[in-house]
Amino acid sequence: MRIVVLVKQVPAADAGLAFAPDLTVVRDAGPAALNAADWCAVDQSLQIAVGRPDARITAVTMGPPGAVDALRTALVLGADTAVHVQDPALHGSDALATSRVLAAAVGRLGFDLVLCGSASADSGMSAVPAMVAERLGVPALCFADRLLVRSQTVEIQRDDGCGDRRVFVAAPPLVVSVTERCGEPHYPGYVSRRGARDKPISVWPLAALGIEPAEVGLAGSASIVRAATPRRGGRRDCDVLAMGPPAGVATRLADFLAERQFL
Amino acid sequence: MAEVLVLAEQGGTSVHRATCALLTLARRLGVPAAVVGGSPDPAGTAVLGRFGARTIYPVTAAEVDEHPVAARVEMLVHLARRNRPAAILIASGRDGLEIAGRVAVRLDSGLLSDVIDVTDGPVVVQSVQGGAYRVESSVVRGIPILAVRTEYVTVVPAPAKPRVSPVRVPFPDRVRAVRMIARDRTRPRELSTAAVIVAGGRGVGSRAGFELVRQLAAALDGLPAGSHAAAEQGWCPPEMQVDQVGTIVHPSLYLALGISGSMRHRTAMRGAATIVAIDSDPQAPIFQLSDLGGVGDVHKVVPELIAEIERRRAQPRIVEG
Ligand SMILES: Cc1cc2nc3c(=O)[nH]c(=O)nc-3n(C[C@H](O)[C@H](O)[C@@H](O)COP(=O)(O)OP(=O)(O)OC[C@H]3O[C@@H](n4cnc5c(N)ncnc54)[C@H](O)[C@@H]3O)c2cc1C
Ligand SMILES: Nc1ncnc2c1ncn2[C@@H]1O[C@H](COP(=O)(O)O)[C@@H](O)[C@H]1O
């Protein structure tokens with residue numbers, strides 16, 4: 001079984017985002033780490049590999065040179081090999097361009113199962129897994145809170161709040177994205193950490209994937225950022241505070257919960 | 001003016017408020033048309049019309065219910081290729097994001113997510129990093145696909161008389177690839193994997209006050225939890241403590257009651273998808289993380305909220321009025 005895990009290095013949560021003059025995220029300064037949900041995806045791949053001696057886990061990232069740390073983390077956790085897609089032309093890629101590159105890398109590797117995080121902490125789009133699946137022409141099981149890989153099928157449980165749990169099933173090859181609710185990832189032992197040093201990391205430029213520079217990066221993206229304005233106090237939105245008599249506040253809260261499907 | 005496709009959600013006889021919000025935004029970009037899975041009923045048609053839908057495209061087929069995500073992808077792609085709309089609006093959410101991502105690839109069109117506002121162009125405002133930044137973006141290739149956080153949109157009616165124009169969409173085999181094999185109600189047991197968590201802090205005031213936390217958690221089918229302060233006071237057992245040394249949580253909804261939001265608490269719950277806080281102090285740090293904050297006394301607001309939830313549960317299917 002060939003498992004590909006898509007991992008991304010993201011700015012550390014408490015450091016927050018900073019934007020460069022071209023409105024892309026500053027990725028080479030300040031602390032960064034493996035995206036938390038991707039950590040869970042790697043952990044799930046290891047659990048799937050237990051009792052499957054033929055399982056081979058490849059971690060793939062697309063990112064600037066520093067993103068290699070995401071791959072190192074994945075290898076320490078237990079992935080077998082890693083691929084780093086790196087090319088100056090990729091700078092500024094939107095979700096559509098990113099999915100083009102990742103799908104090409106996965107296609108070149110060959111796969112039965114692609115595991116992703118359900119959302120990345122920097123863009124937070126939750127779009128890349130579905131886009132990669134669409135490009136690969138396979139089903140996707142997104143937002144898995146639990147993942148069960150059987151011999152012929154893959155099953156996920158999804159809890160959308162309110163105690164409403166849905167179980168979805170599909171046959172591989174397919175893409176699964178997992179949430180952090182899959183459980184606390186296991187911390188690697190010493191042997192695994194030491195062994196990781198010898199594991200190979202391949203670096204692939206765009207040419208290795210048959211993609212033209214003009215198809216990706218700021219030039220090839222279908223969406224552009226025009227302005228990014230920090231909000232004072234980091235508050236989520238201007239009118240987030242409901243005030244006044246308790247009944248009015250309660251109604252406002254109930255409306256909000258209903259809107260987000262929690263009622 | 002060009003048409004703007006809105007993916008409408010309809011359950012039973014009710015049209016969701018989210019759909020009314022999408023129609024409200026769509027009117028700024030062109031002539032709204034609602035794409036509906038299932039056959040239209042008079043009440044649903046009336047609501048869609050009241051919020052400005054000029055056309056309703058109902059699609060009736062078994063796939064629409066059995067494979068909701070894949071079927072809606074086909075519906076939108078089919079209509080987009082046929083009608084060349086000025087934009088496609090979809091409510092953000094787990095299904096909506098998957099639909100949007102797939103449609104974007106099929107149409108090779110830009111997708112903007114976390115949209116909270118739209119002006120002509122379209123230029124959108126995105127709320128990113130939980131609102132720490134306001135980002136303005138636009139789509140430069142294809143048909144702009146906007147995944148909208150509809151809870152930020154003020155719904156405004158603008159009555160139109162919709163034309164109902166049923167559409168036949170060819171569904172290829174691949175729409176049947178994902179099957180839902182079970183849907184059940186679960187009682188979560190563990191905080192670390194719970195989808196809904198209601199947590200109480202110093203502001204609940206007493207062990208008796210903590211009952212409100214349990215009641216609200218039960219009303220929302222979630223789990224109760226406590227801050228460091230609540231656990232230290234003995235209002236809840238230590239295994240219910242959410243913070244760095246207790247449990248780190250990632251629920252879909254985290255409702256904080258009377259929790260000011262110390263650093264150690266925030267670290268353990270900032271991964272929640274939606275954060276709602278009720279606190280009497282409008283300056284409480286927890287509000288900086290919150291999607292919505294209610295300022296008020298927990299002892300007064302929470303009973304009202306529980307009553308309101310029970311009222312809505314007793315009479316579901318409120319058509320947005
Ligand atoms: C807050 C925010 C919201 C966004 N919202 C959307 C949206 O709604 N829809 C959408 O499609 N896009 C979105 N984007 C992307 C956006 O449209 C732009 O294309 C642009 O600003 C790129 O984003 P970035 O800052 O992540 O760029 P970058 O920092 O350049 O990153 C883009 C991607 O390219 C990789 N990368 C960068 N340099 C290299 C390199 N040398 N080699 C290999 N890989 C590399 C990065 O790891 C990342 O995966 C968003 C970006 C931000 C910051
Ligand atoms: N540049 C990237 N390299 C590798 N994986 C990525 C990249 N961007 C996104 N992903 C994967 O897609 C998931 C969702 O990302 P997003 O759509 O940006 O929220 C992440 O958790 C990763 O698994």
Worksheet, complete the sentence: Between A:S221 and A:D94 the two heavy atoms that sit nearest each other are OG-N, 2.8 Å

Worksheet item: Do you know the tightest heavy-atom contact between A:R135 and A:A103?
Response: CB-CB, 3.7 Å

Worksheet item: Taking every heavy-atom pair that is under 4.5 Å apart, which of B:R149, B:R179, B:E308 has the most such pairs with chain A?
Response: B:R179

Fill in: Part of B:I306 within contact of chain A (heavy atom distance under 4.5 Å)
neither

Going by atom type alone, with no hydrogens or angles, which donor-acceptor pairs under 3.5 Å involve a side-chain atom of residues 169-176 of chain A and a protein atom two or more places apart or on another chain?
none

Discussion item. At a heavy-atom distance under 4.5 Å, which candidate from B:G93, B:G142, B:A100, B:A194 has the highest pair count against chain A?
Written reply: B:A194

Worksheet entry | Closest non-hydrogen atom pair, A:L23 against A:A228 | CD2-N, 4.0 Å

Worksheet item: Among A:P129, A:A140, A:S177, which has the most heavy-atom pairs under 4.5 Å with chain B?
Response: A:A140

Worksheet, complete the sentence: Heavy-atom closest pair (A:A130 atom, B:R102 atom, distance to 0.1 Å) is O-CG, 3.8 Å

Fill in: Ion pair check, B:R106 and B:E74, cut-off under 4.0 Å
yes

Practice prompt. Identify the heavy atoms of A:S99 and B:V105 that sit nearest to each other, and give their distance.
Written response: OG-CG2, 4.4 Å

Discussion item. Counting heavy-atom pairs under 4.5 Å with chain B, which one of A:L257, A:L96, A:V128 comes out on top?
Written reply: A:L96

Discussion item. Tell me which of these, A:T179, A:V154, A:V132, A:L253, has more heavy-atom pairs under 4.5 Å with chain B than the rest.
Written reply: A:L253

Worksheet item: Measuring heavy-atom distances to chain A, does B:D95 have an atom under 4.5 Å in its side chain, in its backbone, in both, or in neither?
Response: both

Worksheet, complete the sentence: Answer key: most heavy-atom pairs under 4.5 Å with chain A among B:G294, B:G271, B:A277, B:G296 is B:G294

Worksheet, complete the sentence: Given B:P303, B:A182, B:G101, the one with more heavy-atom pairs under 4.5 angstrom with chain A than any other is B:A182

Practice prompt. Count the heavy-atom pairs under 4.5 Å between each of B:L305, B:L253, B:V276, B:L97 and chain A, then report the option with the highest count.
Written response: B:L253

Worksheet item: Which region of B:S109, side chain (C-beta onward) or backbone (N, CA, C, O), has a non-hydrogen atom less than 4.5 Å from a non-hydrogen atom of chain A, or is it both or neither?
Response: backbone

Practice prompt. Please state whether the side chain, the backbone, both or neither of A:A121 comes within less than 4.5 Å of a heavy atom of chain B.
Written response: backbone

Fill in: Where B:L220 and A:F262 come nearest, the two heavy atoms and their spacing
CD2-O, 3.9 Å

Item to complete: Identify which part of B:V125 has an atom lying under 4.5 Å from any heavy atom of chain A, answering side chain, backbone, both or neither.
Response: neither

Discussion item. Atom CZ of residue position A:R146 - does it have more than 12 heavy atoms of other residues, nucleotides or ligands inside 6.0 Å?
Written reply: no

Discussion item. Need one label for A:E259: side chain, backbone, both or neither, based on atoms under 4.5 Å from any heavy atom in chain B.
Written reply: side chain

Response to the item:
Pair count under 4.5 Å, heavy atoms only, with chain A: among B:L112, B:T150, B:D114, B:V124, highest is B:T150

Item to complete: Could you tell me which portion of A:E155 (side chain, backbone, both or neither) has an atom closer than 4.5 angstrom to a non-hydrogen atom of chain B?
Response: side chain

Worksheet item: Is there a donor-acceptor contact under 3.5 Å from the side chain of A:S126 to the main chain of A:S118?
Response: yes

